[in-house]
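So that the names make sense, note that chain A is the first sequence line, chain B the second, and so on, each numbered from 1.
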There are 2 protein chains.
Amino acid sequence: MAEQLSDRGKRILEAVIEDYIATAEPVGSRTVTRSHALALSPATVRNVMSELEEMGFLISPHTSSGRIPTDKAYRLYVNSILEVKHIARDNREEIQRRCRLAGKDLAQVLQETSRLLSSTSSYMGVVMAPRPAANVFRQIEFVKLAGRRILAIMVSQNGTVQNRLIQTEEEIPPEDLVRMANYLNELLEGLTIAQVRERLLEEMQSEKVRYDSMMSRALCLSEQTISTEGPELFLEGQANILDQPEFADAAKMRDVFRAFEKKSTLLDLLDRSMHADGVQIFIGSESHLLNMEGMSLITSTYMTGKDTVGVLGVIGPTRMGYGRVIPIVDYTAKLISRLLEAD
Amino acid sequence: MAEQLSDRGKRILEAVIEDYIATAEPVGSRTVTRSHALALSPATVRNVMSELEEMGFLISPHTSSGRIPTDKAYRLYVNSILEVKHIARDNREEIQRRCRLAGKDLAQVLQETSRLLSSTSSYMGVVMAPRPAANVFRQIEFVKLAGRRILAIMVSQNGTVQNRLIQTEEEIPPEDLVRMANYLNELLEGLTIAQVRERLLEEMQSEKVRYDSMMSRALCLSEQTISTEGPELFLEGQANILDQPEFADAAKMRDVFRAFEKKSTLLDLLDRSMHADGVQIFIGSESHLLNMEGMSLITSTYMTGKDTVGVLGVIGPTRMGYGRVIPIVDYTAKLISRLLEAD
DNA sequence: CGTTAGCACTCGGGTTTTTTGAGTGCTAAT
DNA sequence: ATTAGCACTCAAAAAACCCGAGTGCTAACG
């Protein structure tokens, strides 16, 4: 019962998994013997598969049909059976080619990266942008537009730009805007956005500001500028998973799309995977954060310079070509890191 | 044969359309007599419906079943039968509520608007952002980041911000960046982006610049900043249409998603509808631009001040609650216009 | 003992057949 | 002009049926 997994068991499990990945059909003993050149008869394979089922690696959808791998099987597979291939040459080339045409702003780059992940993997690409709160303040600027509207622009060290349209009560002369910006730039230099927020609050309390209407107005404006929102998420290629046979059923399709519509749960998951460097793999409902039965997530962190700032990855069916996708995610993360690296 | 559509015919057609909109099922003569209090027997209705079929307003999927409206019928319906209701109170309230929490940047506002359209209509929301080329240049700015990277930020009159990360060959001292920005701001003041591009080219040819390396570098940088891309498109709530029974079939679903994946055709269509003010309605394959069999598009233009700058709308099945959706689109467009209005 | 051939059995999925009922067109009566 | 009546149609749902891949088990075999 609590038997150890034999070497032969492993090989057969591998065969089942790979067949299932390829066909999305429950795989039977005969198929295994045919496709993978094991010198074994179907009967023997049946016995082994039966054991594997007892151990919880396989289940059969119903009595008389082949078996399909469980999440536990996939876990074992990616951990100790699968050897990760080197990235396929044409994948590598495409990634390089598409990364080259950068020169856009950060958001565009990340979105493009997400598309890239999606199209090279043929699943869904996902990129979590650097979380604003960790950015380091670089500069703030106010641009006067028509009427009483001004545009506040805040730039971070890493090139992120946040901007806000602000409708002011009364008109503010341009000189004042400049002075306000100078004041704030000095005040906030080198702080992270999180710290900026604190500092603003402190400053608003302080005596000397209390009675300087311009300063207090400046603080007020800048506070409005700072985003309180979580990091952005770029999710591309949703249509790709429509081709997966497991979602052929319309109801399942709907569920999947609904699930990804509110991105918060996914964000949680990605956020969590930021704390461990390198490639990580979430299989099926292991991470019961998302109701991802039948879905897996492969992520890798990316960085600017030395700091891990974000996560990117691929979401696909549990039945996914891990050997092919893992290197893609890995490589893309490294390339993005290189791209963002200050040199 | 080329009979005129009688008044009674109209009423019955209306009944059929409205029933079909409500149920998505072919509607038969009996249903019509029951749901809409016409003092007519099924047999009479049958006769009329038969005429309507001859005139091309109805077709029956097969001999022995109810009839469904053709695109021609919908066209007639929206043109001369339907009286557009006033916007539903709760819709209006939701729209107002959600527009209030603005203060984001333009892109965010528009995206939120698209979501809003989607959720109030329960179809898909679409918003085409102002086309960059028509914007009026306001200000350019260079922010030096770590290393040789600089961030170029261009602001338009209407509050649009474009920014680019630029990797320079050699380090540029901050003073130079400021001078470059000043030079450009003077040079480009008040021009549209399209004009800006021309001006930049002219200027690059001009004698006095040719030998001033700083100026030419400035021109070079600013050229990189200007987006050559078309206007952005915000398409939200795709999952909504999954609930529509006509897309219950997985293959159709896929087609729809595929169709919307490349947004260019949709952009064309929206662009076209920008040239006519007010609410416009595209039914089914009338606009054979998009392969929108079974889909309709309701748009309205929105403006900043006096200039029409963009289009927003709702995409749904042809079988859509026009009476309900048209006011939503209309009202939203007006509200956005008000929001963007310089006052 | 591990492996394999043989065999009875299961059961989901595809195919065909049947049934059902909403809906039609036509005709005759009002 | 309208309507009741009626025979007819036909898609969709239900039922009946078949098929075969796959299983578990047992017994034979090296």
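Atom CE of Met49(A) is separated from atom C1' of dT23(D) by 10 Å (rounded to the nearest Å). With rounding to whole Å, Leu52(B) atom CG is found 15 Å from dT24(C) atom C1'. If you measure from atom NE2 of His62(B) to atom C1' of dA12(D), you get 9 Å, rounded to the nearest angstrom.
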Q: Starting from the C-alpha separation in whole Å, work towards a yes-or-no answer on side chain to side chain donor-acceptor pair (under 3.5 Å) for Tyr123(B) and Gln244(B).
A: CA-CA 9 Å; Tyr123(B) 302 120; Gln244(B) 301 303 326; 4.8 Å; no

**Q.** Test log, rule salt bridge (charged side-chain N to carboxylate O under 4.0 Å, His left out), inputs Asp19(A) and Arg34(A)
**A.** CA-CA 11 Å; Asp19(A) 260 17; Arg34(A) 261 203 295 252; over 6 Å; no

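Of the residues in residues 6-30 of chain A, Arg8(A) come within less than 4.0 Å of DNA chain C through at least one heavy atom, sorted by number.
Counting heavy atoms from C-beta outward, Leu117(B) and Glu236(B) have side chains that stay 4.5 Å or more apart. With contacts defined as side-chain heavy-atom distances shorter than 4.5 Å, the pair Leu233(A)/Leu266(A) qualifies.
Here Arg46(A) pairs with nothing under the salt bridge (Lys or Arg N to Asp or Glu O under 4.0 Å) rule; sequence neighbours left out.
Salt bridge annotation for Asp268(A)-Arg272(A): absent, with no cationic side-chain nitrogen under 4.0 angstrom from a carboxylate oxygen. Ion pair Lys252(B)/Glu246(B) not flagged as a salt bridge, since none of the NZ, NE, NH1 or NH2 atoms sits closer than 4.0 Å to an Asp/Glu carboxylate oxygen. Ion pair Glu14(B)/Lys10(B) not flagged as a salt bridge, since none of the NZ, NE, NH1 or NH2 atoms sits closer than 4.0 Å to an Asp/Glu carboxylate oxygen.
Counting non-hydrogen atoms under 4.0 angstrom, Ser65(A) reaches the backbone sugars and phosphates but no base.
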Identify the pairs formed between an N or O of the protein and an N or O of nucleotides 24-30 of chain D at a distance under 3.5 Å, and give each distance.
| residue | atom | partner | partner atom | Å |
| --- | --- | --- | --- | --- |
| dG24(D) | OP1 | Arg67(A) | NH2 | 2.7 |
| dG24(D) | OP2 | Arg67(A) | NH2 | 3.4 |
| dG24(D) | N7 | Arg46(A) | NE | 3.3 |
| dG24(D) | O6 | Arg46(A) | NH2 | 3.2 |

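Contact between the side-chain N/O atoms of Ser41(B) and the OP1/OP2 oxygens of dT3(D) is found at a separation under 4.0 Å.
Below the 3.5 angstrom threshold, one finds no donor paired with an acceptor across the side chain of Ser64(A) and the base of dT23(D).
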